[in-house]
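Chain A is the first sequence line, chain B the second, and so forth, proteins listed ahead of strands; every chain is numbered from 1.
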Amino acid sequence: MTFRTAAGGRIDRGRTLTFTFDGQTFTGHPGDTLASALLAAGRHAIATSVKLGRPRGITAAWAEDSGGLVQIEEPFAEPMLPAATVELYDGLVASGLPGQGRLADGPDPARYDAKHHHVDVLVVGAGPAGLIAALAAARGGARVALVDEQSEAGGALLSERETPEWVAAAVAELAGYPDVLHLQRTTAFGSYDDGFVLALERRTDHLGAAAPPTVSRQRVWRLRARSVVVATGAHERPVVFSDNDRPGILLAGAARTFLNRYGVLPGREVVVFTTNDSAYDAALDLHRAGARVHLVDARAAGSPRAAECAAAGIPVLAGAVVTGTRGVERVTHALVAPYLGREPAGREPGGREPGGRQPGGGELGADEPLPCDALLVSGGWNPAVHLFSQVRGRLRYDESLGAFRPDEELDGLTVAGAAAGILDPAGCLADGARAAASLGFDAGALPPVPARGAPAAPLVLWRVPDATGATQFVDLQRDATVADIARALGAGLRSVEHVKRYTTIGTAHDQGKTSGVVASGIVAELLGVPVQDTGVTTFRPPYTPVAFAALAGRDRGRLFDPERYTALHDWHVAAGAVFEDVGQWKRPRYYPRDGEDMTTAVLRECAAVRTGVGVIDGSTLGKIDVQGPDAGAFLDLLYTNVMSSLPPGTVRYGVLCGVDGMVIDDGTVLRLAEEHFLVLTTTGGAAKILDWMEEWLQTEWPHLRVRCTSVTEQWSTFPVVGPRSRDVVAAVFPAVDVAREAFPFMAIRETTLGGVPIRLARISFSGELAYEVYVNSWYAAAVWERLLRAGAGYGITPYGTETMHVLRAEKGYPIIGQETDGTVTPHDLGLGWAVSTKKADFLGKRSFARAANLDPQRKQLVGLLPTDRETLLPEGSQVVAYCPDGRLPAPPVPMLGHVTSGYRSAELGRPFALALVKGGRARIGQTVHVPVGDILVPAEITGPVLVDPEGARRDG
Amino acid sequence: MQLIECPWCGPREEAEFSYGGQAGVAYPADPAALSDVEWAHYVFFRDNPKGRFAERWSHSAGCRRWFRAVRDTVTYTFEVTG
C-alpha cells in the first residue's frame, strides 16, 4: 500500500529512482530523501535500538532525527546518516543501523577539498529570515555568502502546502549578483571568533552515479565574514511519554514536511498530540490529504484554532495527553487520558508520596486507546541557537517558548527569525529585514507569506506524568529515559553537564537537538528549580557530524606535510637509497647493495669510511648566514663558547643553550669574513634556531647590527670522509693545497670548479680525516658526480644517515634531540670544554651555577659495552643498577638512566651504546644491567669515546 | 579562528602567529649578580592573570616580526601595543 499522495510535493513524479533498503527494493522520485521514499512505501521502522533492541523509526524530516539512522552500503560505505538527510539517488543501497555503524574496508576513492572565502555578510539559513537578509545585503552591494543545508532554498516555507513564488524569484535574483555566493546542501557546522564559520558542502552524493569524478565529493568552506546573520530556524521538541519510541511516532512539523514537500502521508489514521498551535497546521494538512485525524491538545482551554478543526471535522480533545502507546513494529494505539494538571515539582519518579499514592497518579484521568498508524507530537520549538552559542553567546530560558533563546547582541553576529525565537513566517521575514537593517541594508517591502492567526499561549510540558519513567525515552538514540535522569539525580548529580555524561543524553549523532532542552526541563522539574537555573549543556562544533575525510581535505598522504628533497634526491633514488624522514627532509638512510639488510649495509658503509673513503649528502644541515658589524658579539651571546675570536677562514664547534642552561642545538660556525659567519645547525633545528636568533635580536638586542637569513637550500654540502678523502679532494680541486699543514683541521678554503665557487672546510663528524664540500645547489649533482668519479679508485662509498650516526656515536658525539631531551647541559654531555669561563655572559651561563646543575649525580653521557659482545641495546632501554642474582628487584627498581643510542660497530666488532647515566663519569668501569625484553644484559660503563680516543685519525 | 592585527601586515589568522609569553620580562642586566632565586624567577616564573595580560607575539608565518599585545585572557580581546 502506498502512502504517496496523488499529487503535490516538490518531487519529480515523472522519474522513478530504484533503491535497496535492508535487502528489499523500493522506488522513489528525484526530490525524495531516503526517509520520505521509505515512508511512501509505508516503512517507518528503520532499526532496533542500541541497548534495548526496541524497534525504532523515522522521527523527523532532517538532521534532528534521533531514530532513523542508516548505514550506506553502496556506492561507498558510510555509517550513521539520518535517512531523512540522504537525498535519494538511483542504485542507493542502505540498511538500518542498530546503533554503531561500520566504516568502509577499502580506501575512500572520493576527493575532498577546502576553500577560503571572505565576505561582508554571511547568512546561514535560506528560510524567510535568511533569504530576506541576504537579498537586502546583496541589493546594497555587499559581498554576500548564503549557505543552507537543504537541497533547495526556502527553509520552513518548503513545508507549507504552497511554497511562496517569491522564494524562487529571490534565488534567481541572488544568482545575478557577481559578489553573492549562494550554496545549498551546505551546513555551517562551526562558528568561531571574528566572523569565522566552517561549512560543509555536499557536492556530489545526490547525483548518484552521474556525479562527475573530477568534482570533490565534499568541500569544507572556511568563511570569514565581517557580519554573520544566523537564521538557522528552530527544531521541534517532543513531549516525553511512555513508549514514545515506537516507529510511527514523529514530530508533527516533520509529518507536515513529509506531506507537503515530499507528497507522503506518514499515516492514514493519525493522532496529533500537541501543547501548542503549530501542530494544528499538521492536523489540518493531513486531514485535507485524506488522513483521519484526532487532535489531542494538552491545554485545558485548547486553541481558538480548534474551530478550524471542528469545521473540517477533526475531533479535538482539549486538556488531554498521550500517556502511552501500543504496537511493536509500528504504533497501533495512542493511550489518551485527561490531563488534570502538572505534577508537583521536586519529586523524583518512583518516590512515594505520603499516603502511598504514586506521584503524578492524581493528575491523569483514565486512559483510553485511540487506534492510529501514526502519532504526531509537538511540544513546542527550540530555536537553533548552536552557531550563536558556539561563540559564547549567552542564552536565556524563555518561559513562553519553553526554550532557550539568544540573550545578547554579539559583535559581528546577529540571530534572526526562528533561531531568535520568532516562530511565525511573517515575523521571521520582518526579523530578517531587521537583521539586514542593523547592518545598514534596507530590505524594502516584504513579500507575502502564509498567514497564521494569533497563536494561543503554548503549554510547556516536558513529559507526561508517569510513576517511573522507565520507558519515557528522552534520547532515543541512546536509549536514555526519564528514569535514567532520575537515577543520575539520585546519585547526587545536579549540573545538566554531569547528567548528560551520566545518562549519555545528547551525546549521539544528533547531539541532543530534540533531547537536550527536554532533558534540562525534566532535570529542573525533578529538582524543583527554574529551568533557567539548570541551563542547557554547552553547544560545541560541529552542529552535525563531519567526516574526518572532509576535514582532512587534500592534506592527506604525501600532501599531509611538505616533503623536502635535496638537490641530489633523484641520484639517491636511482642509487636505491632507503630514505628516512628527518624533520620534513627525505634523507638517504643507507644504500643497500644486492640483498643487504640495514645492518649489513651499515656495517659495510662504516668500514668503508673508516678504512677508505665515503661521501654523504649533508645538504639538509641547517645553514644560517649571519652578517653585520656586531655578528661576532651576537654569536658570543648565543653560543656557550667564544666566536668573536675566531679568525676569518676558520671553523669552530659551538653549543647553544636556553636561558635554563639546557642544550637546544649544536653545530659548527664558519667565519667567512670579519663580519660574515655561516652558522650550521642540526637538520631538525634549523628553523627553530633562526627563530631563536631573530627573537633575541628583535626583543633584547635590537642595538646589535646583525642580519640573519636561511641559506640551507642555497648551499649543498657533501662531507668527504675517511683516510683517502685527501686524495679525492686533491684530485677534484687541484688548486687547493690539501697537505696536512697547508689545510689544517677546522680551516676553510675557497676555490672554484669549472668557474663555480666551491668552499671546502675541514670538519669531521666521524673522527676521520674529512672535508666538507660546499657548492651552490644548482651545481650539486655535477660536483657529487665528480667526487664519485675521483674516488672510484679508492672505492668511494656513498653512505646514509644511519652510518653517519654510528660513526659519530663511536666518537661520542651527541645528536641534539637523541642524546638530549631538554634536560641536558653541555657539561652532562662532556662538552664542558666548549663552555667559556671567560665571557661575562651568554645564554644559559647563569644557570650553570645553580645548585641543581652542579649536582654530581646528574645524568651524564657515557658509553656502554654489553659484556656478551652480542646484544644490541635498543634506544630507550633503561639502565639499572647491577643485580647480582640476575633478576630485577621488586619495585622501586634502582634506575640509573637510559640508552640514547645503540648500534653495531664494524670498527669495534661488537655492539655499543651511548647512555645518560646518573653520576655516569664516576661509574666508568662499573657494570650495570640493561633490561632487554625479559633478560638483564650486563654492560660495562665506559667513556663516551670508543674509537680513536687520542684523535690520531683526524688529520689523516 | 581569531584575527590578530599584525602591526606590519594587518589582520591575519591567529594560526600565523606564535606566542612568546609574558611581555616586559627583560633579560637581567647582570645575571651573575642575581641570587639563584632571583634568576629562577627570571627563567621560570610568569604571571597568569585572569583578565588583561601583556604578551609577546611573533607573526612567525608572515613578516616574522615580534610585537607586544595586551590580551584579555577571559574575553580573548586582543589589543596590539607595538
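- Exactly one of B:Glu14, B:Glu55, B:Glu79 qualifies for a salt bridge (charged side-chain N to carboxylate O under 4.0 Å, His left out) with B:Arg71. That residue is B:Glu55.
- A donor-acceptor pair is defined here as one N or O able to donate and one able to accept, closer than 3.5 Å; no such pair exists between the side chain of A:Asp841 and the backbone of B:Asp30.
- With salt bridges taken as basic N to acidic carboxylate O contacts below 4.0 Å, none links A:Asp113 and A:Arg554.
- Interface residue B:Arg56: only side-chain heavy atoms are found under 4.5 Å from chain A.
- Neither the backbone nor the side chain of A:Phe848 comes within contact range of chain B, judged by heavy atoms closer than 4.5 Å.
- Proximity to chain B involves both the backbone and the side chain of A:Asp660, based on heavy atoms less than 4.5 angstrom apart.
- For A:Ala840, no part lies near chain B; criterion is any non-hydrogen pair under 4.5 Å.
- Between B:Glu16 and B:His59, the closest side-chain pair of non-hydrogen atoms falls below 4.5 Å.
- There is no contact between A:Leu697 and chain B, counting heavy-atom distances below 4.5 Å.
- If you tally non-hydrogen atom pairs under 4.5 Å between each of A:Glu695, A:Glu694, A:Arg850 and chain B, the highest count goes to A:Glu695.
- There is no contact between B:Val37 and chain A, counting heavy-atom distances below 4.5 Å.
- The distance between the ring centers of B:Tyr27 and A:Trp696 falls below 6.0 angstrom.
- In this structure, A:Glu201 and A:Trp221 approach most closely via the heavy-atom pair OE1-NE1, 2.8 Å.
- Interface remark: B:Trp39 contributes side-chain atoms only to the contact with chain A (heavy atom separation under 4.5 Å).
- The part of B:Ser35 that comes within reach of chain A is its backbone (N, CA, C, O), which places non-hydrogen atoms under 4.5 angstrom from that chain.
- Here the shortest heavy-atom pairing between A:Ala199 and A:Thr186 reads CB-CG2, 3.7 Å.
- Proximity to chain A (any heavy atom under 4.5 Å) is shown, for B:Phe67, by neither the backbone nor the side chain.
- By the 4.0 Å N-to-carboxylate-O rule, B:Asp36 lies close enough to A:Arg846 to be salt-bridged with it.
- Comparing B:Ala23, B:Pro28, B:Pro31 by heavy-atom pairs within less than 4.5 Å of chain A, the highest count is held by B:Pro31.
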